[in-house]
Amino acid sequence: MSDLILTAHKESVWEITLNRPDKRNAINLDMMTAFDDAITAAMRAEGVRVIVIKGLPGLFSAGIDVTAFLTMPDKYGPQWQRFMRRVTDDFQGVLTRLERIELPTIAVIEGYCLGLALELVMACDMRLVLADTKVGLPETRLGIIPDVGGTTRLTRIVGVGRAKEMIMTGAHYTAESVADWGLFNYVVADQAALQAKTDWLVNELNQAAPLAIGMAKRVIDGLGDIDRGLQLEGWAQSQLFRSEDFGEAVQSFMTKQKPNFKGK
């Protein structure tokens, strides 16, 4: 397994750690593949009752590595923007498998959790976060939308009005400032409290019957039409990736200048 993702089996817990600190754990194609492999390994491991997903101390993830767009032709061909649905399907598939695994999943978040990273944790069952963590979905500032389940899952979790605010503005928030939105199960003050709450939640889950947990998860998740939402995300993104605004946003990111969006 790639060293971009670390795994550890600790008694009943399968721990997955994002491990690209030199890039603030920004997620590229290789990291996404390694994360998918870690989920598959958790499903096959004996005695696992809970999956805990985290970053290194002080850092979860800054989101997608924008330079990953430059490597898309290597995997998807030179005309990859014309076939964006394939790219979206691959990324969505990873987080859908995470969401549908019958083991309970806990995201432990600190530092930054933006864009694709927030989409990842929204595919988890429970989310614990440090109060000063920066969270947000900044995709509209790149001329695109959250298309790896972010639009669909955020709306399901926090409701239409707050989802529109977060997605349409692309703003960053502290976890504490959105503590009452329902996005996180617990917002805590420091790392000691974060670890204590994680240990408590793992212990509580270990008291319940695994089959019952799995069935409860399937029933609850089955109440929302996630598949239709993912299809709509993919359709919208396939249009946006061919826009002039997206090209302008990527160029501006590389040159660290403010983009000049024209609505084209």
Check whether any side-chain heavy atom of [X] sits under 4.5 Å from a side-chain heavy atom of [Y], and report yes or no.
X: V188; Y: L128; value: no
X: R24; Y: L59; value: yes
X: L18; Y: M31; value: yes
X: T105; Y: E99; value: no
X: I53; Y: C124; value: yes
X: R127; Y: I157; value: yes
X: N260; Y: K262; value: yes
X: L183; Y: L154; value: yes

Practice item. Answer yes or no: are there more than 12 heavy-atom neighbours, outside Q207 itself, under 6.0 Å from its atom CD? Key: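 Atom CD in Q207 is packed in, count exceeds 12.
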
Check your understanding: Going through the checks in order, is the side chain to side chain contact (heavy atoms under 4.5 Å, CB included) test met by R156 and D221?
Key -> CA-CA 10 Å; R156 181 179 65 170; D221 287 347; 4.1 Å; yes

Ignoring hydrogens, what is the shortest heavy-atom contact between [X] and [Y]? Give both atom names and the distance.
X: L230; Y: T152; answer: N-OG1, 3.7 Å
X: S61; Y: N25; answer: OG-O, 2.7 Å
X: S177; Y: D180; answer: O-OD1, 4.5 Å
X: I51; Y: I101; answer: CD1-CD1, 3.5 Å
X: K217; Y: L98; answer: NZ-O, 4.1 Å
X: T140; Y: M168; answer: OG1-O, 3.5 Å

Point to revise | side chain to side chain contact (heavy atoms under 4.5 Å, CB included) between D90 and K75, worked out | key: CA-CA 11 Å; D90 284 352; K75 181 173 182 180; 4.3 Å; yes

Using atom types as modelled and distance alone, determine if a side-chain donor or acceptor of [X] lies under 3.5 Å from a backbone N or O of [Y].
X: W181; Y: A163; answer: no
X: T17; Y: K54; answer: no
X: K197; Y: V187; answer: no
X: E165; Y: G161; answer: no
X: E110; Y: G58; answer: yes
X: H9; Y: E11; answer: yes
X: R49; Y: A208; answer: yes

Cluster overlap [X] with [Y], hydrophobic side-chain contacts below 4.5 Å:
X: L194; Y: F60; value: no
X: L114; Y: L95; value: no
X: W14; Y: M43; value: yes
X: W200; Y: V13; value: yes
X: Y112; Y: I16; value: no

Point to revise | Results of ring-ring contact (aromatic ring centres under 6.0 Å, His included) for F91 - residues two or more places apart only | key: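 Per chain and number, F91 pairs via ring-ring contact (aromatic ring centres under 6.0 Å, His included) with no residue.
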
Once rounded to the nearest 0.5 Å, what's the spacing between atom [atom1] of [X] and atom [atom2] of [Y]?
X: T71; Y: L29; atom1: OG1; atom2: CG; result: 4.5 Å
X: I39; Y: L103; atom1: CD1; atom2: CG; result: 9.0 Å
X: I27; Y: F35; atom1: CD1; atom2: CZ; result: 8.0 Å
X: R20; Y: N28; atom1: CZ; atom2: CG; result: 4.0 Å
X: H172; Y: T133; atom1: NE2; atom2: OG1; result: 13.0 Å
X: D30; Y: L4; atom1: CG; atom2: CG; result: 6.5 Å

**Study point:** Evaluation steps, side chain to side chain contact (heavy atoms under 4.5 Å, CB included), between V160 and T155
**Key:** CA-CA 5 Å; V160 171; T155 303; 3.9 Å; yes

Can a salt bridge be assigned to the pair [X] and [Y] using a cut-off of 4.0 Å between side-chain N and carboxylate O?
X: K10; Y: D199; result: no
X: D36; Y: R97; result: yes
X: K23; Y: D65; result: no

Practice item. Could you pull out all residues at least two apart from D147 that satisfy side chain to side chain donor-acceptor pair (under 3.5 Å)? Key: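 For D147, the residues satisfying side chain to side chain donor-acceptor pair (under 3.5 Å) (neighbours in sequence not counted) are T88, Q237.
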
Practice item. Quick one: list whatever passes side chain to side chain donor-acceptor pair (under 3.5 Å) with R218, sequence neighbours left out. Key: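 By the side chain to side chain donor-acceptor pair (under 3.5 Å) rule, R218 matches E102.
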
Review point. Side chain to side chain contact (heavy atoms under 4.5 Å, CB included) between N185 and L201: does it pass, once the steps are laid out?
Key: CA-CA 11 Å; N185 294 73; L201 192 51; 5.8 Å; no

Review point. Side-chain donor-acceptor pair under 3.5 Å between S243 and D245, yes or no?
Key: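 Result is no, nothing qualifies.
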
